[in-house]
There are 2 protein chains.
Amino acid sequence: MASRQKILLLGATGGTGSSILNGLLESNQFDVEVLVRPSSAEKPAVKEIESRGVALRVVDITAPEQELASGLAGIDILISAIGPHDLLQQKTLVRAAKSAGVKRFVPCAFITVAPPKGAMLLRDEKEEIYNEIKRLEVPYTVIDVGFWHQISIPPLPSGRIDYALMMAEPVIHGDGNAPNLITDLRDIGRFVARIVDDDRTLNKYVYTWSDVLSENEIFDIVEEASGEKIERKYDTAQDIEKRLEDALAALSLDPTDPAKRLPVYIVQYIYSKYVRGDNQPRYAKYLGYLDARELYPDLKLVSFREYFAEVLEGKGKRPYH
Amino acid sequence: MASRQKILLLGATGGTGSSILNGLLESNQFDVEVLVRPSSAEKPAVKEIESRGVALRVVDITAPEQELASGLAGIDILISAIGPHDLLQQKTLVRAAKSAGVKRFVPCAFITVAPPKGAMLLRDEKEEIYNEIKRLEVPYTVIDVGFWHQISIPPLPSGRIDYALMMAEPVIHGDGNAPNLITDLRDIGRFVARIVDDDRTLNKYVYTWSDVLSENEIFDIVEEASGEKIERKYDTAQDIEKRLEDALAALSLDPTDPAKRLPVYIVQYIYSKYVRGDNQPRYAKYLGYLDARELYPDLKLVSFREYFAEVLEGKGKRPYH
């Protein structure tokens, strides 16, 4: 595109948002501003972003539509990496983006590939926002990224990589053979910087991946590269289904309690990825997604094997810390 | 495709279904069977279909999934033109189609182009079926046809074409300038026969059109071809919005009453087509639809002007009669 576009990023201090901010800045293709909620303006993470020379724009996203639209003045591309509990706050943001003439709204997707409804509550809520976007004919791109390398590594018996892990136990879910899209957390931003500047992705869904691996393949790579043998534990489809039923039953007693939503989110991720087998290229294409690797074959990405080598060298990084 | 595919059509006695049956038979490309509900097996309209040499398959679509799946044995393509009040009965049908290995399910769409949610209750219910299809990864094609020529003609002062009309008054909605996709009822089947046998339309949305015309353009054609001057009445956007609010308020008191749903359906059609301007190529493409005219440029179709000439000659046909 001819002129330098102005991007406003919401959620820049989160895991996904940080990667997006880095990717956008590295690309050096955009004027980037970070949306900061009034209550967050003084937070260290925000100060850190400011210290990198990034312009901050303080906007109350719970403000009425017209006020919010003023806050979006001059923005070409709005990227939302809002947290999972605030997803529905994007409804007013969609309307404000339309009023403000935003040329592309990237709503908070950035999860695994899953059906639009009925398999993942988290996805269902995102769908409410996509539907609002479509009702208002706002130009958009939905970007899903699968799971992250950084949260896909099982622990080793020696404990030497625990510093970098989210996973507490070496568990294989179901038969462990379902292929899964996984993206290195740092690659998310690299993909996003390409996707949002590409006419081919306008009003489309796109999935990114640094690798496609089953759990069995991941465990094999980890064993081979570490030289350690992992005693694999198995979580059967039946056990997962049972936990899902229990989590849903608990949530149904108090549907708005975040503490009851979280277990549902977690078990539904597992169920969708490993039992249903949703998070893979075949199903993504069935759903109409474009493949970001086909769009950007030149992009240099971090394979799972490469990331795991970093972890073994002590250079891994545990997300959410 | 290499071998002759077996199609099962549900709803073949309805307006849309009749056109589809005709189109499939005319194409001579398929083995066509018509699904008949046990309660309808002896109806004259069904006997009439049978007399044309079409195989009937008596299936109770409210049966449990496994029984229904047996009823779908050997079917490659299942086309549903079920009535608006029975849409949700397709849920079991989707699951049965998956069990039975149906290679393409064409759920009941066949309406105007509209957003997936929040503008038309009728469309919202169809979306529930599309979501179930996607959740189960059933191969599908959604086909929307816009409005029909046959219900788009205003009455003439002389009354000479009243025999063929649905419209009682010559009303322009809003400013009358919104372009609308319209398909001659007979062309629907011609399009469907092409679409369901085309790999390019698998797991896609497609819209058909014999013409794209605004109400003002339709009225101009009708005046010019008939030589009669129509006194146009105007239904303002505000009046339409008010009626929509009233209809929704009445429905909210008894959400399952079909007699209260119908007024909502009707006013939402009007609101979507003429106030929102949904039913047009630009918005269809935004939503990801393929254009059937671009796919099948050789298809011989009936323009609105041609259909209206038939009406003037006494050869028109009022639908639903």
Side-chain angles (χ1 to χ4, degrees), chain A residues 88 91 94-95 98 103-105 107 112-121 123-142 144 178-179 199-206 244 268 271-272 275-290, chain B residues 88 91 94-95 98 103-105 107 112-121 123-142 144 178-179 199-206 244 268 271-272 275-290:
Chain A
L88 298 183
K91 278 201 181 172
V94 175
R95 292 194 288 272
K98 183 173 171 88
K103 297 188 188 72
R104 183 178 325 225
F105 182 42
T112 52
V113 169
K117 201 162 180 194
M120 284 177 62
L121 179 59
R123 180 63 178 72
D124 295 355
E125 285 204 344
K126 290 173 189 272
E127 186 74 5
E128 286 191 47
I129 302 303
Y130 308 162
N131 281 337
E132 185 71 358
I133 287 171
K134 291 172 188 171
R135 199 176 65 80
L136 296 174
E137 203 177 345
V138 171
Y140 73 92
T141 306
V142 166
D144 277 315
D199 287 343
R200 296 173 298 175
T201 63
L202 196 62
N203 308 325
K204 294 278 194 291
Y205 290 54
V206 185
L244 180 52
Q268 285 185 327
Y271 188 72
S272 171
V275 182
R276 287 181 43 85
D278 291 329
N279 183 42
Q280 54 178 298
R282 190 204 69 244
Y283 187 57
K285 292 194 173 187
Y286 164 81
L287 290 175
Y289 281 77
L290 303 176
Chain B
L88 297 182
K91 278 201 179 169
V94 174
R95 293 194 286 273
K98 183 172 170 89
K103 298 188 188 72
R104 180 174 332 219
F105 183 42
T112 51
V113 169
K117 201 161 180 195
M120 284 176 63
L121 179 58
R123 179 64 178 73
D124 295 355
E125 285 205 344
K126 290 172 189 274
E127 187 74 5
E128 285 192 47
I129 302 302
Y130 309 162
N131 282 337
E132 184 71 0
I133 287 171
K134 291 171 187 170
R135 198 176 67 78
L136 296 174
E137 202 178 347
V138 172
Y140 74 92
T141 305
V142 166
D144 277 315
D199 287 344
R200 295 174 299 175
T201 62
L202 196 63
N203 307 326
K204 295 278 193 290
Y205 291 54
V206 186
L244 179 53
Q268 284 185 328
Y271 188 72
S272 171
V275 181
R276 287 181 44 85
D278 291 329
N279 183 43
Q280 55 179 295
R282 190 204 70 244
Y283 187 58
K285 292 194 173 185
Y286 164 82
L287 290 175
Y289 282 77
L290 303 177

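Every chain is numbered from 1 and lettered A, B, ... according to where its sequence line falls, protein lines coming before strand lines. Remember, it's a predicted structure, so these values are computed and weren't measured experimentally. Atoms considered below: every heavy atom in the structure, side chains included; atoms not considered: hydrogens, waters and symmetry mates.
When the candidates Pro115(A), Gly118(A), Gly288(A) are compared by the number of heavy-atom contacts under 4.5 Å with chain B, Pro115(A) comes out ahead.
Tyr286(B) contributes a side-chain N or O that, together with a main-chain N or O of Val138(A), makes up a donor-acceptor pair within less than 3.5 Å.
Here the closest non-hydrogen pair linking Arg135(B) and Ala119(A) is CD-N, 4.5 Å. Taking every heavy atom of both residues into account, Tyr283(B) and Lys134(A) meet most closely at OH-O, 2.6 Å.
The residues Lys117(B) and Glu127(A) are annotated as not salt-bridged, no charged nitrogen and carboxylate oxygen being separated by less than 4.0 angstrom.
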